[in-house]
Amino acid sequence: MDFALTQEEKELAERAREFTREYITPRAHELERRNEFPMEVVQKAYEVGLMNLHIPEEAGGPGMSLLAETLVSEATGYGCAGIATSIMCNNLAFAPLVIAATIDQLKEYVQPLITGKKVQFGAFCLTERKAGSDVASVATTAVRDGDEYIMNGVKCFITNAPQASLFTVFASTQPELRHKGLSVFMVPKTKGVKIGHVENKMGQLNSVQSEVVFKDVRVPAECLVGKEGEGFKIAMMTLDKTRAGIAAIATGVAQRALDEAARFANIRHQFGRPIGKFQGIGFMLAAMGARASAARLLTRYAAWLADHNMPVSKHSAFAKFFASDAAMQNAIDAVQIMGGYGYLTEYPVEKLVRDAKLLQIYEGTNQIQRLVAGNAILKESVDLDTGFHVEYPGRDAPLF
Ligand SMILES: Cc1cc2nc3c(=O)[nH]c(=O)nc-3n(C[C@H](O)[C@H](O)[C@H](O)COP(=O)(O)OP(=O)(O)OC[C@H]3O[C@@H](n4cnc5c(N)ncnc54)[C@H](O)[C@@H]3O)c2cc1C
């Protein structure tokens, strides 16, 4: 077993950490107060080569691995989960296209967005007000009309939408078929595509989400990605991969909470000694460290499986729910260890609590991750031989 990163991966991770130390961590709080998209920081991340890593070389990208993306997301997530989300969102928006579009489609629609001087954005448009976890309830439609589709519907919670020039849209081409009638389209920002209500949030204020309204939008038929009816499958394949990215941001938050708490526990004295010397605090730090390390290992393992074209659903679900739960728990523990100071906004850890909460919700809530993982485990157990042979009472037919 080799846990070592390649030289290229080590250099990328170091570049991302340096970028975070210089541009994200010192400014995240001040930027958060502005409650707007952190364009200068994201532009800089683009310039130093931390974005669009998974776009294949044939389409003008660096063609790097998912593991490489997780290294960047962990480093930037350490500085600010909101800014990391703003930087990482192109990975989510373009992943369905990398999975299912032709190289010609990528060259025409994605390459111009990733090779210019100015950073440009894509947005992943799946969620609607009545279709969250239940993706099959998507009500946006795309009706074929000659060489075009006519698209109507409203998406919500869409990250980077106000900045985006290309929308990856999941719409129904045959609503009566539910999830089997879903299709994916690349929709440039054209007439009929409007930004609706901008969402107000409790955390990750350095990222922006809004509704996207599609009103009689004429989408050229060449913008269909894959075949009609493949949308659900492409969405699931996308999320299987991109959840490692959320797990990586979560790992960064879990580590940051630990580091801030440990630093404080060394310095803060009560009863004549550093509070870290009290076993009650030391045990908390130990558990926080174990959570951050386990989150990192699960995340990198999921990315490695995906990079080697191995089944990844179960492990990307493990990584997403474990790492985001670790981030949440570590953030709350950091507030506790820092006492009253942990609760004040001029110190770093109350922001971690607000930011971490979202990690348990977006890209599939942690309940949905547990459903995915639980179903995968049940399926695997059908042919499992534990070596202990006994007949259990039950029905003849197993669940799978
Ligand atoms: C800040 C932010 C950014 C986002 N960015 C994007 C984006 O860029 N693109 C995009 O398409 N979407 C985006 N989303 C949407 C996000 O993925 C959804 O919010 C999420 O999938 C949950 O859907 P929902 O909010 O409708 O909750 P619901 O699906 O209504 O769930 C409500 C509750 O019920 C639980 N639940 C639902 N079904 C089950 C079940 N079968 N078993 C057990 N529990 C269940 C959920 O876990 C949750 O606790 C974003 C959301 C937020 C808040």
Side-chain angles (χ1 to χ4, degrees), residues 35-47 50-55 59-61 69 73 82-101 105-128 138 140 142 149 151-171 184-199 201 204-215 217-220 223-225 231 234-235 238-239 242 245-246 358 362-363:
N35 198 8
E36 61 188 40
F37 188 79
M39 186 59 93
E40 323 90 88
V41 182
V42 181
Q43 171 68 34
K44 197 73 198 165
Y46 176 71
E47 286 167 15
L50 299 181
M51 288 178 68
N52 305 317
L53 299 181
H54 66 316
I55 307 295
E69 284 179 6
S73 291
I83 293 177
T85 295
S86 300
I87 290 173
M88 191 206 66
C89 187
N90 274 6
N91 298 351
L92 174 63
F94 298 147
L97 315 183
V98 172
I99 288 169
Q105 283 177 313
L106 288 176
K107 277 185 177 166
E108 186 166 350
Y109 287 91
V110 178
Q111 187 158 358
L113 303 186
I114 63 160
T115 46
K117 280 213 160 86
K118 260 190 77 187
V119 62
Q120 299 217 49
F121 299 94
F124 178 87
C125 304
L126 178 60
T127 305
E128 299 176 3
V138 158
T140 297
Y149 287 86
M151 186 174 281
N152 279 288
V154 182
K155 299 288 179 179
C156 61
F157 289 130
I158 306 304
T159 302
N160 285 1
Q163 288 73 35
S165 41
L166 186 69
F167 298 86
T168 302
V169 185
F170 292 80
V184 193
F185 297 88
M186 305 176 287
V187 183
K189 189 153 188 195
T190 43
K191 203 166 145 241
V193 182
K194 296 237 158 48
I195 297 305
H197 171 74
V198 176
E199 320 285 6
K201 312 193 298 291
Q204 295 210 15
L205 302 181
N206 285 323
S207 74
V208 172
Q209 286 75 22
S210 77
E211 287 180 335
V212 187
V213 182
F214 300 92
K215 177 95 177 74
V217 179
R218 293 203 156 264
V219 181
C223 290
L224 173 69
V225 177
I234 295 169
T238 298
L239 295 171
T242 56
I246 303 297
L358 180 56
Y362 63 2
E363 287 204 30

Item to check | Partner set under salt bridge (charged side-chain N to carboxylate O under 4.0 Å, His left out) for E40, not counting sequence neighbours | outcome: R27, R34

Would you give the length of the straight line joining atom [atom1] of [X] to atom [atom2] of [Y], rounded to the nearest 0.5 angstrom?
X    : Y    : atom1 : atom2 : answer
E363 : T159 : CD    : OG1   : 8.0 Å
L97  : I55  : CG    : CD1   : 7.5 Å
S207 : L358 : OG    : CG    : 7.0 Å
F94  : T238 : CZ    : OG1   : 13.0 Å
Q204 : T85  : CD    : OG1   : 4.0 Å
I83  : M88  : CD1   : CE    : 14.0 Å

Per-pair distances, 0.1 Å, donor-acceptor, side chain in residues 191-199, under 3.5 Å, sequence neighbours excluded:
from: E199; atom 1: OE1; to: R129; atom 2: NH2; distance (Å): 3.4
from: E199; atom 1: OE2; to: R129; atom 2: NH2; distance (Å): 3.2
from: E199; atom 1: OE2; to: F157; atom 2: N; distance (Å): 3.1

Next on the checklist: Quick one: does any side-chain atom of K155 pair with a main-chain N or O of E128 as donor and acceptor, under 3.5 Å?
Outcome noted: no

Next on the checklist: Checking the side chain of N160 only, and the main-chain atoms of S86 only, is there a donor and an acceptor separated by less than 3.5 Å?
Outcome noted: yes

Next on the checklist: Just so I know, are the side chains of L92 and L239 near enough to count as touching, which here means a heavy-atom distance under 4.5 Å?
Outcome noted: yes

Checklist entry - T168: what forms a side chain to side chain donor-acceptor pair (under 3.5 Å) with it, not counting sequence neighbours? => result none

Only distances under 3.5 Å count here; give the side-chain donor-acceptor pairs of residues 115-123 to other protein atoms, sequence neighbours excluded, each with its distance to 0.1 Å.
from: T115; atom 1: OG1; to: Q111; atom 2: O; distance (Å): 2.7
from: Q120; atom 1: OE1; to: S165; atom 2: OG; distance (Å): 3.2

Next on the checklist: side chain to side chain contact (heavy atoms under 4.5 Å, CB included) for F185 and V225? Distances and angles first, verdict last.
Outcome noted: CA-CA 5 Å; F185 297 88; V225 177; 5.9 Å; no

Next on the checklist: Between M151 and V187, is the side chain to side chain contact (heavy atoms under 4.5 Å, CB included) condition met? List the steps.
Outcome noted: CA-CA 10 Å; M151 186 174 281; V187 183; 4.0 Å; yes

Minimum heavy-atom separation for [X] to [Y], with atom names?
X    : Y    : result
V154 : T140 : N-OG1, 3.8 Å
V184 : G231 : CG2-CA, 3.6 Å
P188 : M186 : CD-O, 3.6 Å

Checklist entry - Of all residues at least two apart in sequence or in a different chain, which pass the ring pair (Phe, Tyr, Trp, His ring centres under 6.0 Å) check with F170? => result F124

Checklist entry - Which pairs pass salt bridge (charged side-chain N to carboxylate O under 4.0 Å, His left out) with one or both residues in residues 84-96, sequence neighbours excluded? => result none

